[in-house]
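Accompanying notes for the structure given below.
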Amino acid sequence: MLELVFVIPFLIGIVAFFSPVMMGRILLVATGIIEFALACMAAWTTRLPAATFYFTAAPEGCLVLLVTTFLFLIIGLYTLFYLVETDMPREHVFNGCLLLFLGAMAMVAVSDHLVVLWVAIEATTLTSAPLILLYHSKGSLEATWKYVLICSVGIALALLGTFFITLAMEHGSINVPLTFSSLQEVAGGMDALWLKAGFIFIMVGYGTKMGLAPMHTWLPDAHGESPSPVSALLSGALLNCAFLGIFKSYAILHAAGMAQWAGSMLVGFGLFSMLIAGVFMMIQKDYKRLFAYSSIENMGIIAVGTGLGGLAGLGAMVHLVHHSLLKAALFLSTGNILFGYGTKEIGKVGGMAGLLPMTFIGFTCGFAGISGFPPFGLFVSELLILFGAFKNHSFFTAAAFILLLILIFAGISKHFIRMAFAGRDAKLIREERLGRIFPVFILLAASILLSLWLPEPLRRTILDAISRI
Amino acid sequence: MGHVDIVLSLIFLSILMSLGSSRLLELIRVMSFQGVLVSLVPVLIEPQYQTMSLAVAFASLMLLIKGVLIPLMIWFALRKVSIRREVEPLIGYHASLFAGLAMILFSVFISSRLQVVDRPESTLLLPCAITTIGAGFFLLMTRRKAITQIIGYLILENGIYLTGTALAGQMQTHYVVEFGILLDLLVGVMIMGIILHRINSTYDDIDTTFLKQLKG
């Protein structure tokens with residue numbers, strides 16, 4: 001039964017609310033293992049859902065599910081050691097919400113009905129909000145308020161877009177279930193105008209959640225103010241879920257023969273996100289916000305790749321996988337840096353190479369990966385997107401893409417060098433511990449491994465996913 | 001048929017009241033009133049639904065959540081807050097009322113232009129839905145107290161629900177799915193209430209202009 005993949009974390013999450021702290025921590029890791037196993041089973045073999053009307057194991061969903069559950073497992077291991085050293089207020093709420101959050105994301109990955117997908121995406125907002133709010137600071141309070149209000153309003157627009165799509169069906173006298181898989185088959189008969197209107201609203205709505213500029217304003221605050229494991233999950237897993245909503249809707253428009261129009265919209269939003277992220281990264285003073293802007297940039301790259309289609313579409317999917325792995329590794333590293341120096345300001349962190357050598361190695365590899373150096377996977381994916389752009393004769397897009405990547409690299413490396421080497425007067429308040437560092441290395445190793453060798457089932461899942469666009 | 005138009009006119013009235021009132025308690029009351037009306041619309045518009053027990057049961061559940069539970073939750077949050085009035089909105093009350101009237105005119109114009117499925121039951125439904133969405137956004141943008149912004153969000157949600165009723169009809173109705181939407185709304189308001197409480201205990205006010213620390 002496919003539904004187990006989100007029912008199990010929901011149930012265990014409720015148990016974790018009422019269980020002692022130690023048991024909650026063990027439940028986190030145990031659920032991570034179970035979920036990753038279930039995700040592999042869903043992707044490798046065909047698992048049929050019990051409610052075929054609402055859920056399905058679509059290839060793009062399986063890919064997101066695999067990434068999400070793998071990240072959760074590794075972040076769960078990190079959290080074990082993280083929680084020992086922090087005094088998290090009301091930790092049972094933290095553990096419970098983390099599990100519920102995983103359940104909501106798994107539900108997004110397997111849902112097929114348009115409104116069920118909407119319900120699941122809204123549920124991810126609601127289950128992750130307490131995770132940001134738990135720290136008692138003015139910053140986290142403001143971040144949570146913005147996160148909940150902006151995302152709820154944004155996602156409400158996506159619901160409006162969903163209603164427009166039902167209207168497009170009614171105008172075309174089509175009577176099929178309101179699911180992505182059945183709409184794809186009848187897309188040609190739907191009313192073009194209302195379908196376009198629906199896509200615009202869905203794009204803006206889920207785009208808010210995905211962090212596309214100019215709807216991204218909540219993202220740097222939420223990612224910057226939440227505890228590091230939560231930042232890693234938000235950035236590595238949640239943004240992909242919102243992208244899934246846009247991707248599935250785009251597939252309907254593609255089937256209806258409007259790929260050109262919808263694709264250029266995706267490319268436009270994507271390039272604009274990269275521009276905004278690049279500019280704001282230059283002037284950042286807080287390293288967690290720096291990587292939050294980097295997430296906006298990478299979501300922009302994925303949108304550009306999806307919009308171009310073909311080879312670039314393959315690039316977008318590969319980018320999604322590797323961005324999640326590398327960005328989670330970076331956010332976990334920022335957690336270690338925060339432990340070490342006790343500040344989030346770039347200017348007060350320095351001499352990391354000497355003071356925190358292990359963290360430094362992980363952080364440097366993460367930096368190299370996120371900037372697109374080989375052997376990490378983003379090198380392959382960004383190259384694929386560029387080739388795709390040239391193949392489509394979208395020379396303007398390709399040129400803008402290259403220029404923006406340079407801008408972003410300049411911004412991120414300026415801060416990286418400052419943090420790693422300069423400022424030798426910085427003082428440590430806590431030593432690094434192996435328990436908080438090995439998850440970072442697992443994530444980095446996974447990215448290297450996957451860029452050298454893609455397991456056959458995973459390769460097939462990726463190819464199946466992009467066969468729709 | 002007549003019933004629907006009466007209910008829809010009352011929704012128009014509730015929109016104008018929400019735009020013109022400065023007292024937060026009154027706003028909550030107006031929102032509860034509007035929640036009740038909105039839950040009645042789908043049952044009234046398709047007479048055959050009045051005989052279907054499932055449809056009636058769902059409408060009463062929605063009435064309970066939108067008309068009673070959610071307003072109660074916000075009222076509880078407000079009880080601990082000393083602020084009773086919205087002060088200095090970005091756009092004044094008289095101007096807001098005028099904007100509301102303009103929105104009604106505009107949405108009647110838009111609805112007459114859109115080629116949507118004919119709904120002979122009521123020509124007011126779509127204009128009403130669009131006005132409600134507009135008013136929700138208006139409150140979200142021009143009011144400063146966190147509580148008024150929550151109410152703006154709820155009015156926006158009401159408007160989207162009405163649009164769904166107007167456009168999609170009952171063809172795609174699945175009560176399981178709609179219940180999911182309702183549950184999300186309920187939990188969402190609960191979490192917003194908790195944040196509201198926290199804002200109040202941190203700043204001793206619920207003004208969102210305090211929330212301007214995080215920049216860049």
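Proteins come first, then strands; the chains are lettered A, B, ... in the order of their sequence lines, and each starts at number 1. In what follows, every heavy atom counts, from backbone to side chain, and hydrogens, waters and symmetry copies are set aside.
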Inset, instruction - May I ask you to test the B:Val177-A:Tyr54 pair for a side-chain heavy-atom distance under 4.5 Å? - result: yes

Legend entry - Largest heavy-atom contact set with chain A, pairs under 4.5 Å, which of B:Ile133, B:Asp184, B:Leu140: B:Asp184

Legend entry - Top contributor to chain B contacts, counting heavy-atom pairs under 4.5 Å, from A:Val153, A:Thr125, A:Asp286: A:Val153

Legend entry - chain B contact via A:Lys285 - side chain, backbone, both or neither, heavy atoms under 4.5 Å: neither

Inset, instruction - Under 4.5 Å, heavy atom to heavy atom: which of residues 155-162 of chain A reach chain B? Give them by number, or say none. - result: A:Ala156, A:Leu157, A:Leu159, A:Leu160

Legend entry - When A:Gly224, A:Ala129, A:Ser152 are compared by non-hydrogen pairs under 4.5 Å with chain B, the top option: A:Ser152

Inset, instruction - Count the heavy atoms of every other residue, nucleotide or ligand shown that sit under 6.0 Å from NE2 of B:His197, and state whether that count exceeds 12. - result: no

Inset, instruction - Select one option (side chain, backbone, both, neither) describing which atoms of A:Ala123 are under 4.5 Å from chain B's heavy atoms. - result: both

Inset, instruction - Name the option with the most non-hydrogen atom pairs under 4.5 Å to chain B; the candidates are A:Val116, A:Leu149, A:Thr217, A:Ile165. - result: A:Leu149

Inset, instruction - Can you tell which part of B:Leu183 gets under 4.5 Å to a heavy atom of chain A, answering side chain, backbone, both or neither? - result: neither

Inset, instruction - Please report the shortest heavy-atom distance between A:Phe163 and B:Ile160, naming the atom on each side. - result: CE1-O, 3.5 Å

Legend entry - Closest contact, heavy atoms only, A:Leu141 versus B:Ile199: CD2-CA, 3.7 Å

Inset, instruction - Let me know if B:Ile191 has heavy atoms under 4.5 Å from chain A in its side chain, its backbone, both or neither. - result: side chain

Legend entry - Contacting region of B:Leu185 [heavy-atom separation from chain A under 4.5 Å]: neither

Legend entry - Greater than 12 external heavy atoms within 6.0 Å of A:Phe201's CZ: no

Inset, instruction - Looking only at non-hydrogen atoms, find the nearest pair between A:Leu133 and B:Arg198 and report the distance. - result: O-NH1, 3.5 Å

Inset, instruction - Give a yes or no on whether A:Phe17 atom CZ has more than 12 heavy-atom contacts from other residues, nucleotides or ligands under 6.0 Å away. - result: yes

